[in-house]
Amino acid sequence: MRLVVAITGATGAALGIRLLETLAHLGVETHLVLSDWARATIRIETPHTVEEVRELATHTYSARDLAAGISSGSFRTDGMVVCPCSMKTLSAIRIGYSDNLITRAADVTIKERRRLVLVPREAPLSEIHLENMHYLARAGAVIFPPTVAYYARPTTVASVTDHIVGRIVDQFGIEHSLIDRWKDDQLPANAQPICS
């Protein structure tokens with residue numbers, strides 16, 4: 001499997017980093033693009049250096065390199081994930097404004113009918129944000145807000161991160177063991193089913 005991974009400057013750099021770690025562990029070929037602001041966010045929010053993050057990927061590119069292979073539809077991939085995805089990047093993808101490699105690769109992913117997963121990090125969401133997401137969902141993109149799954153009973157930030165990343169990986173049909181999957185026979189003793 002071959003995936004394009006982009007990290008933008010929205011808060012949540014740890015999600016993109018954990019996604020890269022997971023995909024590397026699973027043997028997935030990754031093509032990484034970091035926006036300029038992603039580099040700043042990595043330094044602010046994580047203990048990692050930008051170079052350490054780049055080393056997690058199979059291939060890396062400058063966001064300014066519009067001649068990179070992933071900018072062409074003839075370069076075959078199994079899809080792309082933007083994690084986290086800023087509202088700036090999301091809006092540029094929505095209107096096809098391919099002024100950098102992230103938005104161009106996303107544009108290619110859409111036009112080639114490949115899976116595009118966007119992990120938007122913003123709250124609250126404005127009507128503009130929601131309209132952009134709705135438009136992209138109709139165009140075939142998966143809008144995947146990184147929400148906490150309380151049924152998993154997370155006890156650490158790492159467990160929340162792993163669950164979110166595991167569900168993102170699920171979007172590409174890749175087998176993994178990052179999450180405890182919901183099972184009807186594993187309800188907590190004091191829990192009652194919501195529906196019968």
Side-chain angles (χ1 to χ4, degrees), residues 3-23 30-46 48 53 57 63 70 77-152 154 157-174 178-179:
L3 293 178
V4 177
V5 177
I7 300 177
T8 70
T11 188
L15 292 169
I17 294 168
R18 185 65 177 132
L19 177 63
L20 285 169
E21 291 171 343
T22 300
L23 293 174
T30 53
H31 293 256
L32 173 66
V33 188
L34 300 174
S35 74
D36 291 341
W37 280 106
R39 294 167 181 273
T41 306
I42 287 166
R43 287 190 289 268
I44 293 166
E45 294 185 349
T46 79
H48 301 282
V53 174
I70 61 173
T77 71
D78 296 289
M80 177 176 181
V81 57
V82 184
C83 178
C85 183
S86 67
M87 293 301 105
K88 175 185 174 183
T89 298
L90 190 136
S91 64
I93 294 169
R94 183 242 164 112
I95 63 169
Y97 184 59
S98 303
D99 70 329
N100 64 48
L101 187 56
I102 294 173
T103 54
R104 173 57 188 168
D107 189 44
V108 166
T109 303
I110 292 170
K111 80 180 183 70
E112 296 294 330
R113 304 288 195 252
R114 297 171 185 153
R115 182 161 293 257
L116 174 62
V117 176
L118 304 174
V119 184
R121 273 294 300 115
E122 190 62 83
L125 295 166
S126 73
E127 185 173 350
I128 295 168
H129 301 150
L130 292 167
E131 283 185 2
N132 287 340
M133 290 180 207
H134 187 212
Y135 187 95
L136 284 165
R138 289 196 317 265
V142 174
I143 308 300
F144 195 102
T147 57
V148 179
Y150 290 102
Y151 66 80
V157 173
S159 63
V160 170
T161 300
D162 277 356
H163 190 90
I164 293 166
V165 168
R167 295 288 290 124
I168 293 168
V169 172
D170 281 350
Q171 298 304 304
F172 295 96
I174 304 168
L178 266 183
I179 62 177

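Given the structure is predicted, the values throughout are model-derived calculations rather than measurements.
Within the 4.5 Å cutoff, the side chain of V33 has heavy atoms near those of the I70 side chain. With a 4.5 Å cut-off on side-chain heavy atoms, I7 and P84 count as touching. When side chains are defined from C-beta on, I143 does not count as touching H134, because their heavy atoms never get closer than 4.5 Å. Within the 4.5 Å cutoff, the side chain of I110 has heavy atoms near those of the L136 side chain. For the pair T77 and H31, the minimum side-chain heavy-atom distance is 4.5 Å or more. The shortest side-chain heavy-atom distance between F172 and V81 falls under the 4.5 Å cut-off. Looking at M87 and M133, their side chains come closer than 4.5 Å, going by heavy atoms from C-beta outward. Residues T22 and I168 have side chains not in contact (no heavy-atom distance under 4.5 Å, counting atoms from C-beta outward).
Between the T30 side chain and the L32 main chain, no donor and acceptor come within less than 3.5 Å of each other. In this structure a side-chain-to-backbone donor-acceptor pair under 3.5 Å is present from H129 to S126. Between the side chain of T41 and the backbone N or O of G9 there is at least one donor-acceptor pair closer than 3.5 Å.
Here OG1 of T46 is found 14.0 Å from CZ of R18. Values are rounded to the nearest 0.5 Å. Going from atom CG of D99 over to atom CZ of R104 covers 12.0 Å, rounded to the nearest 0.5 Å. Note that SG of C83 and CD1 of I164 are 8.5 Å apart. Values are rounded to the nearest 0.5 Å. Going from atom OG of S159 over to atom CG of L178 covers 11.5 Å, rounded to the nearest 0.5 Å. To the nearest 0.5 Å, atoms CG (L15) and CD (E45) are separated by 9.0 Å. Note that CD1 of I174 is 5.5 Å distant from CG of L23, once rounded to the nearest 0.5 Å.
Here the options are L90, V82, N132, the test is side chain to side chain contact (heavy atoms under 4.5 Å, CB included), and the partner is P120; only L90 passes.
Counted by atom type alone, N100 and T103 present one or more donor-acceptor pairs between their side chains at under 3.5 Å.
By the salt bridge (charged side-chain N to carboxylate O under 4.0 Å, His left out) test, R167 pairs with D170, sequence neighbours left out. In terms of the ring-ring contact (aromatic ring centres under 6.0 Å, His included) criterion, Y97 has no residue partners (sequence neighbours excluded).
No more than 12 heavy atoms of other residues, nucleotides or ligands shown are found within 6.0 angstrom of OH on Y135. Counting heavy-atom neighbours within 6.0 Å of R138 CZ, excluding the residue itself, gives a total above 12.
Nearest heavy atoms, R121 versus P146: CD-CG, 3.3 Å. In plain terms, the two heavy atoms of G96 and D107 that are nearest each other are CA-OD1, 4.3 Å.
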Query - side-chain contact (heavy atoms from CB on, under 4.5 Å) between R114 and M80, worked out - result: CA-CA 8 Å; R114 297 171 185 153; M80 177 176 181; over 6 Å; no
Report task. Would you sort out whether I102 and T8 count as a side-chain contact (heavy atoms from CB on, under 4.5 Å), showing the intermediate values? Result -> CA-CA 9 Å; I102 294 173; T8 70; 4.2 Å; yes
